[in-house]
Novice: 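The structure that follows is given in the form of structure tokens.
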Amino acid sequence: MIRSSFIFLPKISNKKEQNIWKQGINIWDDFLKAKNIKGISKRAKIFYDTKIRKAIEELKKDNSYYFQKLLPNTETWRLYEYFKDECCFLDIESYEHGKNITIIGLYDGFETKTMVKNMNLDMNRLKKELEKYKLLITFNGSSHDIPNINKYFPETIPNIAHIDLRHACNKIGLKGGLKMIEEKVGIIRPIHLKAYGGDNPIDLWRAFLASGDKEYLDLLVQYNEEDIVNLKPLMEIVYKKLKKSTISKNPTTLAGPGTAE
DNA sequence: GCACGGCTGCGGATCTTTTG
DNA sequence: CAAAAGATCCGCAGCCGTGC
């Protein structure tokens, strides 16, 4: 629903956007065609028109980062529908507050790629892999995964948009850690990891280091894969709910914005 | 502990309405 | 048409809560 969004314009926030939608202006084209819009002066409209034309242009170029910079962090979820075919779910396993990254897992919606410390995890490979994408999706990545990757693997993350599912979930009242939220929305995890008594990724890594037993590593990789694979259905659920709740704040529009996508 | 978002109250910018 | 009054709402700062 990025093409229904006006919240990226300067001095336009939630209420103003709602007000624009209320007048039947649901997508960028409606805005450009409208002669006058209540709450926006003629002068301001001319300014906003140029910004919207620029946005149309940047979207054509698949420049997700352009919108990342303009959207409030809590609203980047709006980019999902447009960029979902070029998105990457990401999760890292680490200890010592992110200092020691043991695994970086990526998932493009079809297959997972796991990079393991001292094995196949290095900056060039990570950078090359991430360059393929236009959108990163994480859980709590904005204060954990992304800053730590930036710190210990600098300049591997390209300039692309990022959706943090933790904050997106929070917006629709889904609070708690990833596992708890998955349970709440009905995403099932295999239980075999717990059967090993080790659903704790740090313990698994330490056990692998201590024993050299690959079985521990395999479990850790599986653990990480489950995390990133589950992010996709969660994203889909959260996107639908967010879209619905954002639009339904506007009772007068029947079609509502977002129908363009 | 860190880094981030949420909440709240306030100041001020901007648009609309009113009035003559 | 112009000026003033009124309404709306953005954005900031400070504090608190939260998951990793």
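Throughout, protein chains are lettered first and strands after them, A, B, ... in sequence-line order, and every chain is numbered starting at 1.
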Novice: Write down the distance between NZ (A:Lys179) and C1' (C:dT18), rounded to a whole number of angstrom.
Specialist: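 Interatomic distance, NZ of A:Lys179 to C1' of C:dT18: 16 Å.
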
Novice: Just by distance, no angles: are the side chains of A:Glu81 and A:Tyr239 close enough, under 3.5 Å, to form a donor-acceptor pair?
Specialist: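 Yes, side-chain donor-acceptor contact under 3.5 Å.
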
Novice: Hey, does A:Pro10 have a side-chain heavy atom less than 4.5 Å from the side chain of A:Phe47?
Specialist: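 Yes. Closest side-chain heavy atoms under 4.5 Å.
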
Novice: Output, in order, the C-alpha distance, side-chain angles, deciding distance and verdict of salt bridge (charged side-chain N to carboxylate O under 4.0 Å, His left out) for A:Lys171 and A:Glu75.
Specialist: CA-CA 10 Å; A:Lys171 241 178 122 82; A:Glu75 298 292 343; 2.9 Å; yes

Novice: Using whole Å, what does the distance between atom C1' of nucleotide C:dT18 and atom CG of A:Asn140 come to?
Specialist: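 In whole Å, C:dT18 C1' and A:Asn140 CG are 9 Å from each other.
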
Novice: Can you name the atoms? Protein N/O to nucleotides 3-12 of chain B N/O, anything below 3.5 Å, with the distance.
Specialist:
unit_1, atom_1, unit_2, atom_2, d
B:dC4, OP1, A:Ser142, O, 3.4
B:dG5, OP1, A:Asn73, ND2, 2.8

Novice: Rounding to a whole Å, what distance do you find between A:Leu231:CG and C:dC20:P?
Specialist: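 A:Leu231 atom CG is separated from C:dC20 atom P by 11 Å.
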
Novice: Taking the side chain from A:Glu182 and the backbone from A:Ile187, do they hold a donor-acceptor pair closer than 3.5 Å?
Specialist: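 Not a single qualifying donor-acceptor pair exists.
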
Novice: What is the separation between atom CG on A:Asp164 and atom P on C:dC20, rounded to the nearest whole Å?
Specialist: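 Computing the A:Asp164:CG to C:dC20:P distance gives 10 Å.
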
Novice: In whole angstrom, what separates A:Phe139's CZ from C:dG19's P?
Specialist: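 The answer, rounded to whole Å, is 8 Å.
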
Novice: Could you tell me the separation between the OH atom of A:Tyr152 and the P atom of B:dC2, rounded to a whole number of Å?
Specialist: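 The distance from OH of A:Tyr152 to P of B:dC2 comes to 12 Å, rounded to the nearest Å.
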
Novice: Tell me, please, whether A:Phe31 has A:Lys51 positioned over its six-membered ring: NZ or CZ under 6.0 Å from the ring centre and within 45 degrees of its axis?
Specialist: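 That pair does not qualify as a cation-pi contact.
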
Novice: Can you tell me the distance, in whole Å, between the NZ atom of A:Lys151 and the C1' atom of C:dC20?
Specialist: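 Rounded to whole Å, this separation is 14 Å.
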
Novice: I'd like a table of atom pairs between the protein and nucleotides 14-19 of chain B - only N or O on both sides, under 3.5 Å - with the distance next to each one.
Specialist:
unit_1, atom_1, unit_2, atom_2, d
B:dC15, OP1, A:Ser41, OG, 3.0
B:dT16, OP1, A:Gly39, N, 2.9

Novice: From A:Ile20 CD1 over to A:Asp30 CG, what is the distance, rounded to the nearest 0.5 angstrom?
Specialist: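 Reported to 0.5 Å precision, the distance equals 11.0 Å.
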
Novice: Return yes if a side-chain donor-acceptor contact under 3.5 Å exists between A:Tyr107 and A:Glu225, otherwise no.
Specialist: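 There is no such pair (donor and acceptor under 3.5 Å, judged by atom type) between the side chains of A:Tyr107 and A:Glu225.
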
Novice: Would A:Glu57 and A:Arg53 count as a salt bridge (charged side-chain N to carboxylate O under 4.0 Å, His left out) here? Give the steps.
Specialist: CA-CA 6 Å; A:Glu57 202 179 296; A:Arg53 287 201 192 91; over 6 Å; no

Novice: Take atom CG of A:Asn14 and atom C1' of C:dC10, then tell me their distance rounded to the nearest Å.
Specialist: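 So the two atoms are 11 Å apart, to the nearest Å.
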
Novice: Answer yes if the side chains of A:Asn100 and A:Lys117 hold a donor-acceptor pair under 3.5 Å, and no otherwise.
Specialist: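 A:Lys117 and A:Asn100 do have a side-chain donor-acceptor pair below 3.5 Å.
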
